[in-house]
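Keep in mind the model is a prediction, meaning the values are calculated, not measured. By convention here, the first residue in the shown sequence is residue 1.
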Amino acid sequence: MPVINVMEQIVADKLESFLEKMDCCKCQECRHDMLAYALNLIDPKYVNSQTGELFIRIDSMRFQNSVDIDIAVSKAIAAVIAFPRHKK
């Protein structure tokens, strides 16, 4: 298994969940900007095995870690909505 940052998929899934409930631009450019912004607010978690990935996924479901991810995604969405890189 190659080395991966497990947080990328966890944050991407959370972002999609949040965007389903929001009325904002959901173009690919905005989604990528939101994902990059949120990932820069969260510590990366690199693994190179499925066991390591499972441990990180379980750890991300702990209350404080889950709240931290929610906050990062919320901030990312708000920032991109306020200052999109394309015309509104």
Side-chain angles (χ1 to χ4, degrees):
M1 178 176 189
V3 175
I4 62 167
N5 177 6
V6 179
M7 295 309 293
E8 286 184 33
Q9 190 58 51
I10 293 170
V11 173
D13 292 343
K14 185 68 74 163
L15 177 62
E16 291 305 314
S17 173
F18 276 41
L19 287 177
E20 287 177 4
K21 303 169 193 156
M22 300 195 67
D23 181 29
C24 65
C25 181
K26 297 175 179 122
C27 74
Q28 201 65 21
E29 184 175 15
C30 286
R31 286 173 189 261
H32 286 163
D33 288 347
M34 291 171 187
L35 181 59
Y37 190 104
L39 285 169
N40 280 316
L41 297 175
I42 296 174
D43 290 334
K45 304 290 185 202
Y46 291 99
V47 299
N48 65 348
S49 69
Q50 290 180 335
T51 303
E53 182 176 358
L54 179 62
F55 282 124
I56 297 300
R57 287 188 177 277
I58 290 170
D59 189 55
S60 74
M61 291 189 291
R62 286 189 7 222
F63 181 73
Q64 187 59 52
N65 291 338
S66 180
V67 169
D68 291 344
I69 294 167
D70 289 352
I71 290 169
V73 170
S74 297
K75 285 181 178 180
I77 292 170
V80 173
I81 288 173
F83 299 103
R85 288 194 301 144
H86 57 72
K87 294 185 181 194
K88 293 183 181 184

Please answer whether the main-chain N or O of [Y] pairs with a side-chain N or O of [X] as donor and acceptor at a distance below 3.5 Å.
X	Y	value
S60	R57	yes
S17	D13	no
N5	Y46	no
N65	D59	yes

- Item | Path from V6 to V3 over hydrophobic side-chain contacts below 4.5 Å | no

- Query: So if you build clusters from Ile, Leu, Val, Met, Phe, Trp, Tyr with side-chain heavy-atom gaps below 4.5 Å, do F63 and I71 land together?
  - Reply: yes

- Item | Set of salt bridge (Lys or Arg N to Asp or Glu O under 4.0 Å) partners for E8, sequence neighbours left out | none

- Message: Using the rule side-chain contact (heavy atoms from CB on, under 4.5 Å), only one of V11, L39, L19, V73 pairs with M34; which is it?
- Response: L19

Could you pull out the closest heavy-atom pair between [X] and [Y], with the gap in Å?
X	Y	answer
A76	Y37	CA-CD2, 3.4 Å
R31	K26	NE-O, 2.7 Å
C24	I81	CB-CD1, 3.6 Å

When rounded to the nearest 0.5 angstrom, what distance separates [atom1] in [X] from [atom2] in [Y]?
X	Y	atom1	atom2	answer
M7	I42	CE	CD1	4.5 Å
M22	S74	CE	OG	7.5 Å
S49	I4	OG	CD1	9.0 Å
H86	E29	NE2	CD	5.5 Å

- Task: Let me see the working for I77 and L15 under side chain to side chain contact (heavy atoms under 4.5 Å, CB included), right down to the final yes or no.
- Result: CA-CA 8 Å; I77 292 170; L15 177 62; 3.7 Å; yes

